[in-house]
Amino acid sequence: MTAPEVLLYDTDAGLLAFSTTRNGGVGQGNYARFNINEYAGDEPAAVETNRDALCRWLGIDADRLIGARQVHGTEVCHITADFLNQPLSLRRQLLEGVDALMTDVPGVCIGVSTADCIPVILHDTGHRAVSVVHSGWRGTLADIVGKTICAMRETFGTHVEHLQCRIGPGISMKNFEVGDEVFEQFKAAGFDTDTIACRMPVMSNGETTVAEADTLKWHIDLPACICKQLEAQGVQAHQWQISPICTYDQVETFFSARRLGIGSGRIFTGAMLRRR
């Protein structure tokens, strides 16, 4: 088996940050080929093989690769040295219902799984701490990125001027078609809908169709929403980078639940503080 092919992020030298692609693993069908998410319905043996390959690439033991069972909520879990010493059963319990992880322990890779939702890496270069966040539309509405920054401030003493933020591959505004009820939730949450939303012709099989005004659908720009939330926390535009990759458009390289269905693989976006 070949090593996983990953998208590397431009970060401070003290951090390794990446998102996996679909290439380099052993999965089949809609899980082909590199999926390490054990909650998406993939064959356990394929997941384990792929996890082992990622750990070899990272140069860590398997118990140092940490992911959670996500629920589109706002729970943040602090991965401490003590957490790593707990039995697997307790670790699984602590990671249940978690959508953001943070740590200041070097040599531990924390990460989130996505397949159109937006992964966000928050690196505190001043205190050598990092968080990885799963921000789908529900998590974005609930400001999980802002809540994670607050958790980092309380836990590590993070100052926002020391944050490096990387917004990873996810669905683009062009392809993120939503119903009126979702649009209204973003409006009610206080987003400037003139800048984060627009109406476009109804999509069919990934293509827009000629439509009358009454068949137009709302589209939401999730990365733009997240940037607004970063700004609200005091993070400046020069501190973040946004991936241009749309998972819906590039489904041959990145998993997309809207293209492949829920029974498919997941991108793993991870971050690991390097040992000095």
Item to check | Stepwise side chain to side chain contact (heavy atoms under 4.5 Å, CB included) check, H123 with L273 | outcome: CA-CA 9 Å; H123 181 205; L273 296 165; 3.9 Å; yes
Item to check | Any donor-acceptor pair under 3.5 Å from T193 side chain to K187 backbone | outcome: no
Next on the checklist: Show, in sequence, the C-alpha distance, side-chain angles and deciding distance for F34 and V6, and conclude whether the side chain to side chain contact (heavy atoms under 4.5 Å, CB included) test is met.
Outcome noted: CA-CA 10 Å; F34 195 84; V6 304; over 6 Å; no
Checklist entry - Should E38 and E48 be marked as a side chain to side chain contact (heavy atoms under 4.5 Å, CB included) after you check the CA-CA gap, both sets of side-chain angles, and the distance that decides it? => result CA-CA 9 Å; E38 61 184 309; E48 183 176 1; over 6 Å; no
Checklist entry - Relative to the ring of W57, is the ring of F18 parallel (under 30°), tilted (30 to 60°) or perpendicular (over 60°)? => result perpendicular
Item to check | ILVMFWY cluster, I110 and I60 together (side-chain gap under 4.5 Å) | outcome: no
Checklist entry - Hey, does V47 have a side-chain heavy atom less than 4.5 Å from the side chain of N35? => result yes
Checklist entry - Do side-chain atoms of R166 reach the backbone of D10 as a donor and acceptor pair under 3.5 angstrom? => result yes
Checklist outcome for this item: Nearest heavy-atom approach of R153 to V160 is NH2-CG1, 3.6 Å
Item to check | Minimum-distance pair of heavy atoms, taken over all atoms of C55 and A62 | outcome: SG-CA, 3.6 Å
Checklist entry - Any side-chain donor paired with an acceptor under 3.5 Å for H162 and D124? => result no
Checklist entry - More than 12 heavy atoms of other residues, nucleotides or ligands under 6.0 Å from CD of E43: is that the case? => result no
Checklist entry - Given the rule that I, L, V, M, F, W and Y join up when any side-chain heavy atoms are under 4.5 Å apart, are V145 and M152 in one cluster? => result yes
Item to check | Main-chain N/O of S89 paired with Q93 side-chain donor or acceptor, under 3.5 Å | outcome: no
Checklist entry - So does E184 have more than 12 non-hydrogen atoms from other groups sitting under 6.0 Å from CD? => result yes
Next on the checklist: Cation-pi check for F255 against R266: NZ or CZ below 6.0 Å from the six-membered ring centre and within 45 degrees of the axis, yes or no?
Outcome noted: no
Checklist entry - CD/Q70 to CD/E96 distance, rounded to the nearest 0.5 angstrom? => result 11.0 Å
Next on the checklist: For G146, is there any backbone N or O sitting under 3.5 Å from a side-chain donor or acceptor partner on Q229?
Outcome noted: no
Checklist entry - Charged N to carboxylate O under 4.0 angstrom, K228 versus D192? => result no
Item to check | Gap between atom CG of L260 and atom CG of D116 - 0.5 Å precision | outcome: 8.5 Å
Checklist entry - Closest heavy-atom contact between A197 and F183? => result CB-CE1, 3.9 Å
Checklist entry - Among side-chain atoms of T21 and T253, is any donor-acceptor pair under 3.5 angstrom? => result no
Next on the checklist: Tell me the closest heavy-atom pair linking C246 and N175, and the distance in Å.
Outcome noted: SG-ND2, 3.2 Å
Checklist entry - What's the shortest heavy-atom distance between P169 and P119, and which atoms? => result O-CD, 3.2 Å
Next on the checklist: Do D104 and H127 make a side-chain contact, defined as non-hydrogen atoms from C-beta onward lying under 4.5 Å apart?
Outcome noted: no
Next on the checklist: Can you tell me how far apart SG (C109) and CD1 (I79) are? Round to the nearest 0.5 Å.
Outcome noted: 11.5 Å
Checklist outcome for this item: Distance col, row L90:CG vs L94:CG, nearest 0.5 angstrom, shows 4.5 Å
Next on the checklist: Are Q250 and S256 packed together at the side-chain level, in the sense that at least one heavy-atom pair is separated by less than 4.5 angstrom?
Outcome noted: no
Item to check | H134 side chain to D99 backbone, donor-acceptor under 3.5 Å | outcome: no
Next on the checklist: Quick one about Y9 and S243 (side-chain donor to acceptor, distance below 3.5 Å, no hydrogens or angles considered), yes or no?
Outcome noted: no
Checklist entry - Do E5 side-chain atoms and A3 backbone N/O form a donor-acceptor pair below 3.5 Å? => result no
Checklist entry - If only atom types and distance count, is the side chain of K147 paired as donor or acceptor with the main-chain N or O of A142 below 3.5 Å? => result yes
Next on the checklist: Applying side chain to side chain contact (heavy atoms under 4.5 Å, CB included) to D52 and L65, what does each step give before you reach the verdict?
Outcome noted: CA-CA 10 Å; D52 287 346; L65 178 61; over 6 Å; no
Next on the checklist: Quick check: do C227 and I167 have side-chain heavy atoms less than 4.5 Å from each other?
Outcome noted: yes
Checklist entry - Are F176 and I267 connected in a single hydrophobic cluster, I mean Ile/Leu/Val/Met/Phe/Trp/Tyr linked by side-chain heavy atoms less than 4.5 Å apart? => result no
Checklist entry - Is any side-chain heavy atom of Q28 closer than 4.5 Å to a side-chain heavy atom of D42? => result no
Next on the checklist: Using the side chain to side chain contact (heavy atoms under 4.5 Å, CB included) definition, which of the options V130, T155, V132 pairs with M102?
Outcome noted: T155
Checklist entry - Is the closest side-chain heavy-atom distance between K174 and D249 below 4.5 Å? => result yes
Checklist entry - Above 12 or not: heavy atoms from other molecules or residues under 6.0 Å from CD1 of I262? => result no
Checklist entry - Are the side chains of T103 and L101 in touch, meaning some heavy atoms are under 4.5 Å apart? => result no
Item to check | Any side-chain heavy-atom pair of R91 and D63 under 4.5 Å | outcome: yes
Next on the checklist: Taking I149 as the starting point, is it possible to reach L15 by hopping between hydrophobic residues whose side chains are less than 4.5 Å apart?
Outcome noted: no
Checklist entry - When hydrophobic residues are tied together by side-chain contacts of less than 4.5 Å, even through go-betweens, does Y248 share a cluster with I196? => result yes
Next on the checklist: What's the separation between atom SG in C198 and atom CD1 in I220, rounded to the nearest 0.5 Å?
Outcome noted: 8.5 Å
Checklist entry - Taking the six-membered ring for Trp, are H78 and F156 parallel (under 30°), tilted (30 to 60°) or perpendicular (over 60°)? => result perpendicular
Next on the checklist: Check whether R128 reaches the backbone of R274 with its side chain - one donor and one acceptor, N or O, closer than 3.5 Å.
Outcome noted: yes
Checklist entry - Out of curiosity, I245 CD1 to S19 OG, how far, rounded to the nearest 0.5 Å? => result 8.0 Å
Checklist outcome for this item: Smallest heavy-atom separation, I144 atom then A100 atom, equals CD1-CB, 4.2 Å
